[in-house]
There are 2 protein chains.
Amino acid sequence: MPAPRRPGPQPPDRPEDRAFLASYDPSAFERPSVTVDVVLLAPLDGHLHTLLIRRPGPPFQGAWSLPGGFVRMDESLDAAAARVLRAKTGLERVFLEQLYTFGTPGRDPRMRIISVAYYALVDPGRFGEVTVPGEDFLLARIQPSRAGAAPVLKGAGSKPLALAFDHAEILAAALQRIRGKIDYAPIGYELLPESFTLHQLQQVHELVLGRKLNKDSFRRRLLASGQLEATGAIQQDVDHRPAALYRFRRGAEG
Amino acid sequence: MPAPRRPGPQPPDRPEDRAFLASYDPSAFERPSVTVDVVLLAPLDGHLHTLLIRRPGPPFQGAWSLPGGFVRMDESLDAAAARVLRAKTGLERVFLEQLYTFGTPGRDPRMRIISVAYYALVDPGRFGEVTVPGEDFLLARIQPSRAGAAPVLKGAGSKPLALAFDHAEILAAALQRIRGKIDYAPIGYELLPESFTLHQLQQVHELVLGRKLNKDSFRRRLLASGQLEATGAIQQDVDHRPAALYRFRRGAEG
DNA sequence: TTAATAGTGTCTCTGAGACACTATGTG
DNA sequence: CACATAGTGTCTCAGAGACACTATTAA
């Protein structure tokens, strides 16, 4: 939620500080590893889906996991999340926001790893761009669930998927976050192509919220919000009356 | 925000995993330091206040900063925040929630430090319990400000305080978070003693939101929410009609 | 023409704001 | 008594749900 991060104010450059810095021993404290994990969400076939990667080695070898990776020493957390997402999926210029930081000791059996979780939202068309280099991946369907309930994932088989590490918890936190946010923040648009119908926007909101919405008041509310702008075009190739297409008015988020 | 954290599911114990673990070299990646910083908030004299600690050494020697400290290898992030708050202020059993993680390279001039920020809410009476061992501290007044505007801090002098590192940004994020949350989450009660009047509760909401609220609808809304329970007692030692005292019904958060 | 979805007009219900009024304490 | 704050009753207005109705496309 904070605004874009800048380096903070710099302290005055004084000789005694330089002496202190030179004598400072960064190895005095044992340090944890820090990673980012990304929950990538998009609607597909009437369900939310998330991208999972099969773990190529232990621990949890063969299990499904969120795309993740270590934070480098010279990059911000936001930059690490964008880099990891690009490296693991090929996707760039994606809506990406910090979610929560998970750091329970033992969440990774190898060593102490603190993971800063992010969530990313894309429109379903961009799932087509996904290329996972040399790795097995899956777009897992997230079963509709009400707030509070743990989300259930479905892959190709009939059994619900279990995720590696505490990734089920991270996924649940991401779903809870967008559920709480979609009513007042313009995140629904991130799950749709550039232009869309009001019905498609309503379907996205219903997917995220896990319940049906009233058509009339949804239309009224969104049209009154000033967030939408008619493109002038209408839907093509539908076997019923085509709907007007809208786009999100960036900047005018009221 | 996620439910209490447990260690994730453990992988099956297989011989080949043990071999992998034995060969795993944790020093292969350079690691950042990880700290927690705590924004402690309480209402006092009609203003929100936050506890600051004077930096005893460089960088930013003599400047005011949030209480913080390194995360130990064997404790969770929540536990680290509670421990740091206890060590720096003596306060225990405080409402404490993770806020956001700040990790811009250069935010600490000494080395790469990633800080998991928390915010803590206490009632003003508990400020009396605060003891900062051998350290200079200050309860700084947060000037009323509307959403979006950067918060302004006042200490004893007339000039606004500047904080060390990116701590002003962390404070701003904490204020923004509780502003967004107080309308639907029972956090206002954390800023009040066990029993309180509706007027005191309204004042706390007004402090957090930075604006006056309508008395009638505030009363109606809170009484209808089912969150409040009359204690049966009334205010003492006031020079006007005493108000009824209420307490928060924990568990019944609707 | 029918089926299907898009889109409009209007009634009702609920919650917030406004305001008038009564209640109960102190000095 | 005056004065201050606590607390109630009721009117109005705005937004959400419900529902009836019209519009426009394909088959």
Side-chain angles (χ1 to χ4, degrees), chain A residues 43 45-46 146-147 179-180 182-186 188 192-193 195-248 253-254, chain B residues 43 45-46 147 179-180 182-186 188 192-193 195-247 253-254:
Chain A
D45 305 326
R146 298 298 305 269
R179 238 196 305 256
I182 197 169
D183 276 339
Y184 68 90
L192 287 167
S195 85
F196 50 84
T197 69
L198 281 171
H199 186 63
Q200 290 170 329
L201 183 59
Q202 180 172 351
Q203 285 180 318
V204 161
H205 280 242
E206 290 176 345
L207 276 188
V208 168
L209 295 172
R211 61 188 172 88
K212 289 289 171 194
L213 296 175
N214 182 277
K215 169 189 157 193
D216 310 70
S217 63
F218 184 82
R219 291 180 64 86
R220 250 182 319 199
R221 183 160 55 88
L222 271 288
L223 288 173
S225 76
Q227 289 179 7
L228 295 178
E229 189 173 55
T231 65
I234 59 170
Q235 237 177 351
Q236 300 296 323
D237 301 317
V238 287
D239 60 354
H240 54 73
R241 172 176 174 182
L245 291 171
Y246 293 85
R247 73 170 71 89
F248 172 53
E253 351 204 316
Chain B
D45 305 326
R179 238 195 306 256
I182 198 169
D183 277 338
Y184 68 91
L192 287 167
S195 84
F196 49 83
T197 67
L198 281 171
H199 185 63
Q200 289 170 331
L201 183 58
Q202 180 173 350
Q203 285 180 318
V204 161
H205 279 241
E206 290 176 346
L207 276 187
V208 168
L209 295 172
R211 61 188 173 87
K212 289 290 171 194
L213 296 177
N214 182 276
K215 170 189 156 191
D216 309 70
S217 62
F218 184 82
R219 290 180 65 86
R220 249 182 321 198
R221 183 159 55 88
L222 270 289
L223 287 174
S225 76
Q227 290 179 6
L228 294 178
E229 189 172 55
T231 64
I234 59 169
Q235 239 177 348
Q236 301 296 325
D237 301 319
V238 288
D239 60 355
H240 54 74
R241 172 177 175 183
L245 292 171
Y246 294 85
R247 74 168 70 90
E253 350 205 315

Self-check item: Chi angles and distances behind the side-chain contact (heavy atoms from CB on, under 4.5 Å) call for A:Leu223, A:Tyr246
Solution: CA-CA 10 Å; A:Leu223 288 173; A:Tyr246 293 85; 3.9 Å; yes
Quiz item: Could you walk me through whether A:His240 and A:Gln235 pass the side-chain contact (heavy atoms from CB on, under 4.5 Å) check?
Solution: CA-CA 10 Å; A:His240 54 73; A:Gln235 237 177 351; 4.1 Å; yes
Quiz item: When all nucleic acid strands are considered with a 4.0 Å heavy-atom cut-off, which category describes B:Lys212: base, sugar-phosphate, or nothing?
Solution: nothing
Exercise. Quick one: label B:Arg220 by what it contacts on the DNA or RNA (base, sugar-phosphate, nothing), any heavy atom closer than 4.0 Å.
Key: base
Length of the line joining [X]:[atom1] and [N]:[atom2], which is rounded to integer Å:
X: A:Asp183; N: D:dG15; atom1: CG; atom2: C1'; value: 14 Å
X: A:Leu223; N: D:dA16; atom1: CG; atom2: P; value: 12 Å
X: A:His199; N: D:dT24; atom1: NE2; atom2: C1'; value: 16 Å
X: A:Arg221; N: D:dG15; atom1: CZ; atom2: P; value: 12 Å
X: B:Phe196; N: D:dA6; atom1: CZ; atom2: P; value: 14 Å

Quiz prompt | N/O donor-acceptor pair under 3.5 Å between A:Thr231 side chain and A:Leu245 backbone | solution = yes
Quiz item: B:Glu229 side chain to B:Gln227 main-chain N or O, any donor-acceptor pair under 3.5 Å?
Solution: no
Quiz prompt | Residues within residues 234-244 of chain A bordering DNA chain D, heavy-atom distance below 4.0 Å | solution = A:Val238, A:Asp239, A:His240, A:Arg241, A:Pro242
Exercise. Apply the test side-chain contact (heavy atoms from CB on, under 4.5 Å) to residues A:Leu228 and A:Arg247: give CA-CA distance (whole Å), side-chain angles for both, the deciding distance (0.1 Å), then the verdict.
Key: CA-CA 6 Å; A:Leu228 295 178; A:Arg247 73 170 71 89; over 6 Å; no
Quiz item: Going 5' to 3' on DNA chain C, which nucleotide is the first and which the last to come under 4.0 Å of a heavy atom in chain B?
Solution: C:dA16 to C:dT26
Practice problem: Using side-chain contact (heavy atoms from CB on, under 4.5 Å) as the criterion, point out the one residue from A:His199, A:Glu206, A:Gln202 that pairs with A:Phe218. | Solution: A:Gln202
Practice problem: Would you name the heavy atoms of B:Gly188 and B:Leu201 that are closest together and state the gap between them? | Solution: C-CD1, 4.4 Å
Exercise. Evaluate the side-chain proximity of A:Thr197 to A:Ile234: yes if any heavy-atom separation is below 4.5 Å, no if none is.
Key: no
